[in-house]
Structure formats: structure tokens, C-alpha cells
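Everything on this sheet refers to the single structure shown next.
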Amino acid sequence: MSLSTSLTIAVRSLSAATGALQIANNNIANANTPGYVRQLATLQEAEPFNDGTMSAGNGVVLTGYQSARDELLQTLIQQQTQAQSGTNAQLSSLQQIEPLFTTSTQDIGTQMSALFSSISSLSTNPASSPARQAVLVAGNNLATAFNRASNSLTSLQVGLNSQVTQDVSLINTLTEQIAALNPQIAQLKASGQDSGTLQNQQDQLVLTLSALTGVGVTKADNGITLTTGSGTPLVVGSQSFSLQTKLGSDGMQHVLDQNGTDITTTLSSGDLGGTVQMRDQTIPGLLSQLDTLASQFGTAFNAVQTTGFDQKGAAGQNFFIMQAAIAGSAASIRMAIADPTLIAASSDGSAGSNGNLANLSAIQAKPLPSGNTPGDSYANLVFNVGSLTANATATSGAVAASLLQLKNQLNSVSGVSIDEESTNLITYQQAYEAAARVVSTIQSLYQVTMSMGTAAAA
Amino acid sequence: MRVTNMIPDMQYAMQQSQQAVAAALKQLSTGLRVNKPSDDPAASAQMVTSLANSANVDQYTSNVNSLLSQMQAADSGISSIVTSLSSAATIGVSGANGTTNSADRQAMAAQVSSVLASVVAQANTSHQGVYVFGGTATTSPPFVQASTTYNSTQGTVLIPLTATQPLTAGSVTTVSDATTGKTFTFTVLPGQTISALSTAIAGAAASGILSAGTTATINVNGQLSIGTNSGTAGIAVSTNDPVLGPMNAASGTQVANAYAYVGNSAVNQVQVGDSFSVPVGVPGDLMFTSGPNVIGSLTNLIAALQTGTSAQIGAASNAVSSGLNYVSQQRIPLDNTISQLNSQDTFLSQETLTLTSQQSTLVGVNIANAATNLSQAELENNATMAAAAKVLPQTLLDYLK
Amino acid sequence: MIPMPILSRNEVAAAYLQQLHELAFEITTAMEAISENDLMRFQECVARQETICFGLIAIAKTVSECLPSPEPLSVPNIDPSIRERIRSTGGAINQLNMQYAELLKHSGRSIALLGLLSRSQTEQFLTSRRTRPKYETWSCEM
């Protein structure tokens, strides 16, 4: 080896050491800055010097693997952040919906029971004016309960609707900022300078964006490229493409890409995705169940009223005011009568007969056109809401823990070899498989546990 | 793991333990393991059904109680009536005895007359505003003093009703006869006139539903007049036809000691269990004017004592005794219903217990256990907080304060 | 089989309750271990969970085998307060288990991806001697 070569090597080592010191200082100062990615002083072996006679050292370097691994972890964190935001968006709505279907003195189930009780009470003395009045009051309370539940759901939708607009506006701000950083970062890299700080800034912006919506991230030489879940570009190089919102014929804000294509239904993750999911799928589903129950119940009631006679001997009128369409029934159902004598208790036209009251009472145990009794229909609704909320709660807690794990992995000292890491991961996967088996065992133990101590357990 | 990176772990641990404390606290204060549907969706759905069943059971119990008190009032009325009939029969038997003279018999007639008044009063028993022997017509006394003649409100000398006057289709006119103990009902068909009503009433008189000679004619005042044409036979008439207007007894035509039944024969059923309904009482006509016509028999006994022969008095007394037997028979279904209601009451209180226990199993939590859970959660929370305090930098501790 | 006297059944039920509490603790510990990325602690935890489950199954079998012929549902055949606590703990475990299952799902996916990376990277380094860190064209569907 010639003297000049040795000198060159020495100079290089010195620079590397100086650089490492600077990086270490930077690390300490920035330890608590969110998203600060610890920069490893990647002391690498230089390219093997080949003068034809011998190679001056080589060795497997972890650098490339580590940076790829960190990028993957960063990506996974973005993924989980999306999932967390999406779930939390849904959970916060569901937590407002739950009280509507929790047993109280005013929920729909309680008021339905109260209506049937008042009818049964009237049957012992059909001429009693206070007893008739009580039936009208009970009917009114039930209609009000339907109205209240429906209105709460629709006003929740209104709130989510404005959330969509807000999210889109925020997304556009972020993509602008991300795009602006691309050329700056590329310039630093091209001149061999350290682009770490700007890189961290950009990563943090992407993370914030991920919390809002699903994005596809591609790293290219001119910076990162961002696309929506369905492939429409958001950021390409130094250019950002805005999303727009437009009021649809359904009264909801639709999200359009820069070409005007409606991408609302493709949004499924992040806060925006969760919000849209809740607004366009979950809440309408619950409203539909509610409306069906209100419509079928009211119709059944009216049908029986009209087959009977009121206290003056005239044919019975409708008990509830019902609209023809099922959608919106719960919001619009109201009492049609205010005069107690109009309750069609009589089955034969005489004032004192209670024969038609038995027909009204029978509605409680008879399946509606949907196939379920009114009580069971409501119970199904309660179960639905409970399950949705319980699942969202479980997912939210789980994703939070998973996110924590990823952050811990990103922050931990990764000085292990690839082989060791690989082995670890395989062991982890095996442990997960074993854990999953135990999970299903625990699941099957649930029934046994709940029926322990009764003859049913035998 | 670097020390500074414990912050997120600590926050997570703290959040978990604080949530555990909150959940334990909620359980303790509400006594419920399930406070909202997401706590246990299946149990919550089952609770909806169970609570509906509880509400039904509560209502059945309430129905049982109100029916029981009503029927017991009816039963005690019947009891008094039986006693009265017995004493009337006894008086009658002595009256039939050839040793009594006219003055004695007049006195006896007066006694039986007051017995009749008290029987009618019992038959008109009302319990909390409900006339228990009216069938389903419970808002006014079922037994009224009979009169020989009833006149319509409509019709005047200048504008009289006529035989060709059309009546309101669907309207109902009833004539109850104190002597026969039966009620004639006329429902107007489309196109029918007063003439149709007159013909129908004549037919009823001929067939024995109404006293012989009962007619419906237009009187000198232009009113429709329905009368028995007999000084001793009384009726009660009502109508809801606005063409006739309410029917009123002509003044001075009241028949002493004669009562007609203006209730109906219908019986309401009331549900007191999921598949169990009971009839509400016995209608007054079935009880008191059908068969031996208890009320009519007392009327006849009074008349016989006043002006009849010993043989007639004897026959009338026998009729009263038959009436007494008849009433005792009619009482049996009522007493059966009362005892069924009592059994149902017991069954329903067991059902209540079963349902309450079921609900507690579904969503309840024992207070003592909840208290234990809470102190355990608080202990763990304190440990977590203490550990966090050692690890976290000062700024975060301030945040916790 | 001779029906177990009620007292013994209660003791057995109390053992069941104790094991349920242990299981709840182990599930929580497992979730903590995952979030702390502590593989060994996690493995030990899962092993303990397995053991507890076997124990629970055995106890439940004992209780049910020793029940007399069917009694009316309203008559409990173990002490009602123990039964209540068992149900209450069972419900809590059910919810924890749901969360734990979700965590395994999410975390499992992450681990699988990292594993894929390791395997593909190992192959890459065998073929290339270039040591300058290169920004790979990394494309990821989120």
C-alpha cells in the first residue's frame, strides 16, 4: 500500500469520527422531540481496496438492513396510527350512541313496555277516563323516545359531516407542506449534506397525515410520493394535489380528488375513513333498524285500532301518525289522537267492552313483518350497538398497545445481527401462534364459566 | 430500552390502571356489572326481554288485585242478597198461612217491599265507580225503577214524529221488562222507519220477551211513546237515536216495586297471565232477572201479599226460594274466579322473584365484591403512580398534578 | 357417581375463581410484554396461560360430573356469591381476551412483515458487496 493510500484512509477515519460525535450531540438534544429518529452513526467499512493482489477488508455491514428496518417500522407505525385514529373516530361516535340504547326510564324498550302496561290496566276498567288518558300519555312517551333516538343519530351525522370538511382541509395543508420539503431534502442529499432534520420533519408530517387518512408511501430519489388508498396522487416530488369536498344529493359532504372523481367510498382508514364509515355505513344501518321498528310497530297499532270502536261507538281511528316511507319513520312518528274517548277499546261497539284491548296487547308477542316481536327487534338493536362499541373499544386498546410496541422497537438499540433478529422474529411468531390457541381456549371457557353453578352447566 | 423512552410505557400503564379504578368505582356505585350495552352485549339484549317480562308480571299483579277487590265486592253483595231473599221467603211462607189477615199481609207486603229495595241497592253495588253487576255497562246503575210508559224527547204537537219517519241506521233502542226480566234490543237497518220499530216491539210482546200488550205508538204530543198498557207492568227504555232523542219515563207512570235491568249481558275478559285471562264478574241479568227472575219474584210476592190468595202467596214464596237457589248457583263461577285469582297472585309473586334473580345474574354485582375490586384497583393504581413518579421527568409530574 | 356435597363443590368453585383471577392477570401481563417488546416475558406468560386453562377445564369437569340429577334452574348448586364473582370475573376476562386477540392480530402482522424483511435482506446481502446505504425504492401499501 502506498503512503498516499494510507493517508487517505486515515483522513477518512478522522472525518467519520468527527461526524459521529456531532450526531451523538444531536441525539441528546433531541431525545424528547416527537418522531426524532435516532441517527445511528453508521460507521461503515470503505469499499474494499482492490489493487489486484489482495482485498483490504470487507465484512457484512448492518447499515443498509437497519435503515430499511427502521423505514419499515416507521411505515408500520403510520399504519397503526391510521388504524388507531380510524377506530377512535368510530369509538367516540359510538360512545355517544350507546346511552340512547342503555336501559333507563326513558329508553324505547321501557316505553314500549309502559304502553302495553297501560293498555292492560285499562282493560280492567275500559270506562275509566284517567286510565284512558294514561294510555295516550304512554303512547306519546314512546313516540318521543323514537324521535329522540333518531334525532340524536342524525345530529351525530351532521357533526361527522363537518368533521369530513375539516379533515380534508387539514389533509390539504399537510400534503402542501410535505411536497415543499421534497426538493429541499433532495438538494441536501445531492450535495452530500445531512438531511436528517428535514427528513424527521417530513416523517412527522406523514405520520400526522396517516392519522387522518390512508396513504400509500413510495420513496423515490426525488423524495417521497404519496397516493390515496385507491392510487390517486397526493404528493409527487415538489407538487401536491388537493382533495375537495362537495355536497352530495344525500346531504353529505363527498370527498373528491383533484380530477373531480368521488373517492368517498374508498376512504376506510384514519380519522377521515373512520368518520366516513360511521357517517355513511354504521349510523345509517342503525337508523334503518330503528325506522323499521317504528314503522312496523306504529302500523300494527293503527291496524288494530281501526278494527275496534271508540267510547262513542264510532269506528277506531289511527293511534299514531305514520308516514308511508320507512326511512324517517322514527323521527316523524307522533300521536294521532288526543281525546281519551277515541281509544278503540271496544270490539262490539258498546261503550264498556274491552275486547279490542286484548288485540292491542297481542301486538307485544306477535312477530312484526320483520320476523321479530317488537321487544326482540329492540333487543337486537341494543345488541348491535353494544357489539359495535365493545369491538371498537377492544380494537382501540389493542392498537394502542401495538403502537407502543412498534415505538419501542423503533427506539431500542438494534445492534443485533440479521440472523439473530430473524431467529427472534420466528420465535415471536411461534409464540403468537401458541398465544392464539390459548385465546380460543379462553373463548370457549366463557360459556362454561358463565353457567357454572347451575344445572345448565351439567 | 433507553430510560427516556419509558414515558409512553408509563402513560399507557397509568391509563390502564386509572381505567380499572373508574370501572370498579362505577360497579360499586351502581351495583351493576353491566352499565352499558358494550359491557356485555348479549346480557344487555337478554335484559331487554327480561325487563319486559317483569313489567308484564307487575301489570298482571296489579290487574289481579283490582279484579279481586271488585269481585269480592260483588260477592259480598250477593251474600247480602241471599240473606235478604231468605228472609223474604220466610215472610212469604207465613203470609201464605191461612191464619193471617189482610192487615197482617199488608204489613208483610211492606216488609218485603223494603227487602226488595235493599236487594236492588245491592244489585246496584258500585266499587270505585264501577257498577259491578252491569255487564260491560258499568258507568250507571244497572237496575232502575220501571215505569209503564216512556216518551221520546223529539216530537211536538206542531212537528210530530210519524210512522214513516226514518230512523238512524245503526242506532240501538232497548226495552227492558221488569215482569219478564228480559230485554228487547232493536238495531236500525238502513231505510227502516218508526213503523218498523213498532212492528218489532209488537212482535216481542207477542213472543213473550216483553209483557203482553206492549206497544210503540205516536202519542197526542207527537212523541214516540213506548208503553206496557198495563198499570202493573213496568219497563225501562233507552235509545241512542238522535231522531228520537233520549227516552224519558212519563211522569206519574212509575210502577211501585218494579225494577228493570238496563245493563247488558256482555262480560269483559282481563289478562292476568301470559296465556291466562279471567271473566270480569257476572252480568246482572244473568244473576237477577234470568231463570226464576229473582227481582221479578219479589215484585210478585209483594203484589200477592197485597191482593192475592193464600195459594198465590204460596206460589210466589216458592218462586222466591227458587230464586235464592238460582242465585247461589250463579255465585259459584264468581267464587271460582276469585280463587283462581288468588292462586295466580301467588304464582306471579314467584315469577317476580325468578325474574329479579335472573336480572341480577345477568347484570348485577355483589356490593361486597365490588368494594373488594375497587380497593384492589386503587392499590394497583397507587403502585403504578408511585413507579411513574420515580421514572418520569419533572415536567410530566407537573402535568399529573 | 355420588353427588359431591355442597361444601366441597363450593371449595372447588373457589379454586376456579382463584384460577380465573390468575388468568386475568396473565392476559394483562402478556399485553404489557408485547407492548414492551419483551419476547421472553411474553413466552413465559403464554405458557402460564396454557397451564391455567388446562386447570380450569379440569375443575369445571369435576364440578359438572358431580352434580346431582337436574335441579330447577332457580336453585343454585354452589354458593350464589361465589357464582356471582365467577361470572363477573368471567365477563372481565372475556373483554380482556377480545382486546388481547386484537393485539395479537395487529402485532402479529407487524412481526410477520419484519420477518419477511429479514429474510429478503439476508438474500440481498449475500449477492451484493456494496456497503453504502442506499435508499431503496420502498413501496408500502398502508
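Below, all heavy atoms of this structure are taken into account, side chains as well, without hydrogens, waters or symmetry copies. Naming convention: chains lettered A, B, ... in sequence-line order (proteins, then strands); numbering from 1 in each chain.
Annotation: maximal heavy-atom pairing with chain A below 4.5 Å, among C:Asp38, C:Val46, C:Ile57, C:Ile34, occurs at C:Ile34. Counting heavy-atom pairs under 4.5 Å between each of A:Ser440, A:Ala401, A:Ser444, A:Ala436 and chain C puts A:Ala401 at the top. Counting heavy-atom pairs under 4.5 Å between each of C:Cys45, C:Cys53, C:Ala47, C:Gly115 and chain A puts C:Cys53 at the top.
Interatomic distance, CG of A:Leu207 versus CD of A:Gln74, reported as 6.5 Å (0.5 Å rounding). Taking CD1 from A:Ile185 and CD from A:Gln193, the interatomic distance works out to 13.0 Å, rounded to the nearest 0.5 Å. Note that CD of C:Gln49 and OG1 of C:Thr29 are 8.5 Å apart. Values are rounded to the nearest 0.5 Å. C:Lys61 contributes atom NZ, which lies 14.5 Å from atom CG of C:Leu56 (distance to the nearest 0.5 angstrom).
Contact record, A:Thr449 with C:Gly90: CG2-CA, 3.9 Å, taken as the closest heavy-atom pair. The two residues A:Thr175 and A:Val235 come nearest to each other via the heavy atoms O-CG2, 3.5 Å. The shortest heavy-atom contact between C:Ala13 and C:Ile86 is O-CD1, 3.7 Å.
For the pair A:Asn408 (side chain) and C:Ser35 (backbone), a donor-acceptor distance under 3.5 Å is present. Checking side-chain atoms of A:Ser402 against main-chain N and O of A:Ala398 turns up no donor-acceptor pair under 3.5 Å.
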field: From CA spacing to verdict: side-chain contact (heavy atoms from CB on, under 4.5 Å), C:Met31, C:Leu96
entry: CA-CA 10 Å; C:Met31 290 199 280; C:Leu96 270 175; 3.6 Å; yes

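Only the side chain of A:Gln80 comes within contact range of chain C, judged by heavy atoms closer than 4.5 Å. Contacts of C:Ala30 with chain A are absent, with no heavy-atom separation under 4.5 Å from either backbone or side chain. Only the side chain of C:Ile27 has a heavy atom closer than 4.5 Å to any heavy atom of chain A. Heavy atoms closer than 4.5 Å to chain C are found nowhere in A:Leu403, neither backbone nor side chain. Using a 4.5 Å cut-off between heavy atoms, A:Ile224 makes no contact with chain C at all. For a residue to count as touching a neighbouring chain, one of its non-hydrogen atoms must lie under 4.5 Å from one of that chain's; by this rule A:Ile442 touches chain C with backbone and side chain alike.
Along residues 14-26 of chain C, the residues that come nearer than 4.5 angstrom to chain A, judged on non-hydrogen atoms, are C:Tyr16, C:Leu20, C:Leu23 in order of number. Below 4.5 Å, heavy atoms of chain A meet heavy atoms from C:Asn97, C:Met98, C:Gln99, C:Tyr100, C:Ala101, C:Glu102, C:Leu103, C:Leu104, C:His106, C:Ser107, all part of residues 97-107 of chain C.
In this view, C:Glu32 and C:Arg41 satisfy the side-chain hydrogen bond (donor to acceptor under 3.5 Å, both in side chains) rule, not counting sequence neighbours.
Counting heavy atoms from C-beta on, the side chains of A:Val215 and A:Ser210 come closer than 4.5 Å.
Screening residues 28-63 of chain C for ring pair (Phe, Tyr, Trp, His ring centres under 6.0 Å), with sequence neighbours left out, gives A:Tyr432-C:Phe42.
Side-chain atoms of A:Asn182 and A:Gln202 include a donor-acceptor pair closer than 3.5 Å.
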